[in-house]
Amino acid sequence: MSTLNRRGFMKAGGALVGALLAAGLITTNAFAADFPTAKVNTTGLAVTDTTVKVGILHSATGTMAISETGSIQAEKLAIDQINAMGGILGRKIEVIQEDGASDWPTFAEKAKKLLASDKVAAVMGCWTSASRKAVLPVFEKENGLLFYPTFYEGLEQSKNVFYTGQEATQQVIAGLDWIAKEKKAKTFYLIGSDYIWPRTSMKIARKHIEKNLKGSVVGEEYIALGDTQFGSVINKIKLKKPDVIYAAVVGGSNVAWFKQLNAAGLNSTKQTMLTISVTEDEVLGIGGENLAGFYSAMKYFQSQDNPANKKFVAEFKKKWGAKSVIGDVTQAAYLGPWLYKAAVERAGSFDVDKVQAALPGYELKDAPEGPVTVEKNHHLTTKLRIGQWQKDGQAKVVYTSGYIKPDPFPKGYQ
Amino acid sequence: MFGYSMGDIGNIMIMQGFSGLSMFTVLLLMALGLAIIFGQMGVINMAHGEFMTIGAYTTVMLSKVAATYGFVNYYFLIAIVLAFILAFALGYFVEFIMIRHLYKRPLDTLLATWGLSLVMQQAFRSSFGAKEMSAELPEWMLGSFKPTPDIDIPINGVFVMVLALLVTAGVYIFMYRSRWGLRVRATVQNRVMAGAVGINTKKVDRVTFALGCGIAGVAGAAFTTIASTGPTTGTLYIVDSFMVVVFGGAASLMGTIASAFGIAQAQSILQFFMTSSMGKVTTLLVIVGILMMKPEGLFASKLRK
């Protein structure tokens, strides 16, 4: 230490500050005074010298609360962490939480309230496509900013929305490639709940199986939402003996599907199944013993072994209880506030137009799932992972794809 | 035949036959409690599904206790009894504070019980969390029974089947072979007269309603083996339950059994030959058609009008 004179120390310190600045880390300590409110907020958003208001709009009550609770928790955790670091441009985030109550018109109404009367600078919210479609016109009319966490069917791109989950091709294609190669699968049985996301995903899956994998689809089946009787469907599958069941069953049906499949003797020793609708959250209801050995295709699994994820999981459990689990969408929801912070700092402004323009091209390096990049089409470039479920309800990641660019309007798959 | 061997087709027919029977017993178990409440008392109980959910949560919670104290192998039988007791007690209480004031206003019961169902759902959500849970099933209830290597008979299906038959027999004995049943039927047929011969009709109402709720609790406990447990699980069953009871003819136990059997077989067979959604739609269309011709259901009680 004695060899380090004052000049050397200053030099080293300067280099360090320079490096931090370059990495964009030190901007978090910027004082609000460097960014006067009149300059960073020219459109009358709820931004003061010390605070910025951000909305959270999910279902805390009703059917969808099962799924959306995790997203609310992740967003609140991210916001707490950002505030602990000093907020955005020196302003603490103030959360205004509204309850969409699993009812689509309510979502639209609350979105309008958040944007028009609370003047929030951004909203983290929605889960189902139906709720997103309901609020979309409001966000476009009021020029709001929505961060949407769920993996979904694609076929949408709005300048007012950033999609932090995967669109269908990102989730479907790489997963099918893997299972076709790994399990030498040729015949596929497609089964999903009867609404837009499973139907669009299956359409892409069928095209990919028939055209690119030279396999065949021996059955395609849609189950009414909430149906809990799978006896006949399972018998059909037994008759067709597919190499792979490709499943996108959701909600209460999902639990019934796996329980009855196992009871009918189709467990993972006899049947390969790849599903795109089971995350750690669903496993709580299905039970690890009913899932063990089956595969899920997701971009995130709680068991992922990297420092950013370990920290995220530990802090999530510290805030929300040791028993809580983190599924794919919960992690995607966690990205929303961080991406918003980065966008505002890149723009040097809270103005929605400037924030929108600043985010594409940004790489979030320390996301729990691994680095993600925001693309011009407002979706993220991510990797796809295949997890094999274990009895304890966690998945073992058995495959990680390369980076997959988002393609919400896939040519040749529609 | 269609590229499948005869052996395959034989096996599938056996398993398909079982899955039809299994669906029949599930529908029957769902509808029995409602058949008593709606059929005998004329109360439209929209919270029926939530009473099932009470049974389901009882089972899940008891399974956690069982896992801690190591009696996983036989906790399920205790869970069924406990589910009945809890649902019965709550039913008794609900009748006392709410339903009894509404006997003369059947449409208001519909609204009131629907409100009750929303309250109960939110209560489940607040106390057990919004996420779905699963009961840890005993080893003997998992997997399938294999008479031959290619035939799988789900053990949980057999369990639900046995339970449904026991409960049906129990209800039959209670309604048609016991003094309590006699009082219930007397009250249904002529309330004033029943009161005049010394039957406490108010107590009969309360016990009948509670009994229906208790049976719903048993059904909920049994369904943890085949389906989900969450705050809104009840909503999955309520439509099917009403369909079975209305189609069967409200006031008849035989009607409920026959209608559960008919709907289950039609749906199971149609879903095998058509897609699952189409099978369900077709079944519903047939039911609507039959109800248009026979508005009182399959087994209408013969009343002088």
Side-chain angles (χ1 to χ4, degrees), chain A residues 59-70 102 191 193-194 219-236 238-241 251-257 259-267 270 281-290 321 323-325 393, chain B residues 4 8-9 11-13 15-16 18-20 22-23 26-27 121-122 125 129-137 141-144 146 150-157 223-233 235-237 239-240 264 267-273 275-277 279-281:
Chain A
S59 302
T61 59
T63 329
M64 288 311 300
I66 288 178
S67 309
E68 299 193 47
T69 308
S102 311
I191 176 166
S193 290
D194 203 356
E220 186 172 352
E221 190 93 33
Y222 297 99
I223 312 295
L225 280 167
D227 203 352
T228 53
Q229 293 298 313
F230 287 91
S232 299
V233 176
I234 289 170
N235 284 331
K236 265 193 264 188
K238 283 189 163 171
L239 191 60
K240 299 269 170 75
K241 299 192 177 72
S253 308
N254 206 356
V255 179
W257 158 246
K259 283 192 173 169
Q260 291 172 28
L261 203 62
N262 253 276
L266 284 183
N267 52 29
K270 286 206 198 127
D281 286 315
E282 278 73 25
V283 181
L284 291 180
I286 297 168
E289 71 279 6
N290 288 316
K323 280 190 182 164
S324 41
V325 297
Chain B
Y4 303 112
D8 271 358
I9 291 178
N11 290 340
I12 293 294
M13 277 174 67
M15 287 191 276
Q16 186 58 25
F18 180 82
S19 100
S22 168
M23 193 192 272
V26 167
L27 287 181
Q121 283 177 24
Q122 196 58 39
R125 198 170 288 121
K131 288 180 178 163
E132 289 184 326
M133 301 172 148
S134 70
E136 196 167 322
L137 293 181
M141 219 187 262
L142 293 171
S144 60
K146 286 174 163 301
D150 294 320
I151 295 181
D152 291 284
I153 303 292
I155 292 172
N156 56 15
F223 293 161
T224 54
T225 63
I226 53 168
S228 71
T229 307
T232 49
T233 297
T235 56
L236 301 178
Y237 305 128
V239 175
D240 281 341
Q267 198 156 313
S268 164
I269 293 170
L270 286 171
Q271 288 192 331
F272 187 78
F273 288 105
T275 65
S276 175
S277 297
K280 199 155 194 184
V281 169

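Worth knowing before you read on, the calculation uses all heavy atoms, side chains too, and leaves out hydrogens, waters and symmetry mates. To find a chain, count down the sequence lines: A is the first, B the second, and so on, and within it residues start at 1.
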Inset, instruction - List the atom of B:Ala130, the atom of A:Ala65, and the distance in Å for their closest heavy-atom pair. - result: CB-O, 3.5 Å

Legend entry - Closest non-hydrogen atom pair between A:Lys270 and B:Asp152, with its separation: NZ-OD1, 4.3 Å

Legend entry - Interchain contact, B:Thr225 with chain A, by part (heavy-atom threshold 4.5 Å): backbone

Legend entry - Test item: A:Ser232 side-chain N/O and B:Ser268 main-chain N/O as donor-acceptor pair under 3.5 Å: yes

Legend entry - Minimum-distance pair of heavy atoms, taken over all atoms of B:Thr224 and A:Lys259: O-NZ, 2.7 Å

Inset, instruction - Go through the atoms of B:Thr229 and report whether side chain, backbone, both or neither lie under 4.5 Å from a heavy atom of chain A. - result: neither

Legend entry - Structural part of B:Thr232 lying under 4.5 Å from a heavy atom of chain A: side chain

Inset, instruction - Working to the nearest 0.5 Å, report the span between CG of A:Leu239 and CD1 of B:Ile12. - result: 4.5 Å

Inset, instruction - Could you tell me whether the side chain of B:Gln16 and the main chain of A:Asn235 form a donor-acceptor pair under 3.5 Å? - result: no

Legend entry - Which portion of B:Phe18 sits near chain A, non-hydrogen atoms under 4.5 angstrom: neither

Legend entry - side chain to side chain contact (heavy atoms under 4.5 Å, CB included) between A:Leu284 and B:Glu132, intermediate numbers included: CA-CA 6 Å; A:Leu284 291 180; B:Glu132 289 184 326; 5.8 Å; no

Inset, instruction - Could you tell me which of A:Asn254, A:Asp227, A:Asn267 has the largest number of non-hydrogen atom pairs under 4.5 Å with chain B? - result: A:Asp227

Legend entry - Validation row: B:Lys280, A:Asp194 side chains within 4.5 angstrom (heavy atoms): no

Legend entry - Among the listed options B:Ser22, B:Gly279, B:Ala227, the residue most often paired with chain A at heavy-atom distances under 4.5 Å: B:Ala227

Legend entry - Among B:Ser19, B:Gly20, B:Gly157, B:Ala264, residue most engaged with chain A (heavy-atom pairs, under 4.5 Å): B:Ser19

Legend entry - Engaged part of B:Val239 at the chain A interface, taking heavy atoms whose separation is under 4.5 Å: neither

Legend entry - Heavy-atom closest contact (A:Ala224 atom, B:Ser277 atom, distance): N-OG, 3.8 Å

Inset, instruction - Among the options A:Ile223, A:Asn262, A:Val233, pick out the one with the most heavy-atom pairs lying under 4.5 Å from chain B. - result: A:Ile223

Legend entry - A:Lys238 side chain vs B:Asp150 backbone, donor-acceptor pair below 3.5 Å: no

Inset, instruction - Could you tell me whether A:Glu220 atom CD has more than 12 heavy atoms of other residues or ligands within 6.0 Å of it? - result: yes

Legend entry - chain B interface, residue from A:Ser67, A:Gly287, A:Ala256 that has the most non-hydrogen pairs under 4.5 Å: A:Ala256

Legend entry - Residue part contacting chain B, namely of A:Thr69, when any heavy atom lies under 4.5 Å: side chain

Legend entry - N/O donor-acceptor pair under 3.5 Å between A:Gln260 side chain and B:Ile226 backbone: yes

Legend entry - side chain to side chain contact (heavy atoms under 4.5 Å, CB included) between B:Gln267 and A:Gln229, intermediate numbers included: CA-CA 10 Å; B:Gln267 198 156 313; A:Gln229 293 298 313; 5.5 Å; no

Inset, instruction - Give, as side chain, backbone, both or neither, the part of A:Leu266 having an atom under 4.5 angstrom from any heavy atom of chain B. - result: neither

Inset, instruction - Output the distance between atom NZ (B:Lys131) and atom CG (A:Asp281), rounded to the nearest 0.5 Å. - result: 4.0 Å

Legend entry - Rounded distance [0.5 Å steps], CD in A:Glu289 versus CG in B:Leu142: 6.0 Å

Legend entry - Max heavy-atom pair count under 4.5 Å with chain B, selected residue of A:Gly231, A:Gly251, A:Ala264, A:Gly288: A:Ala264

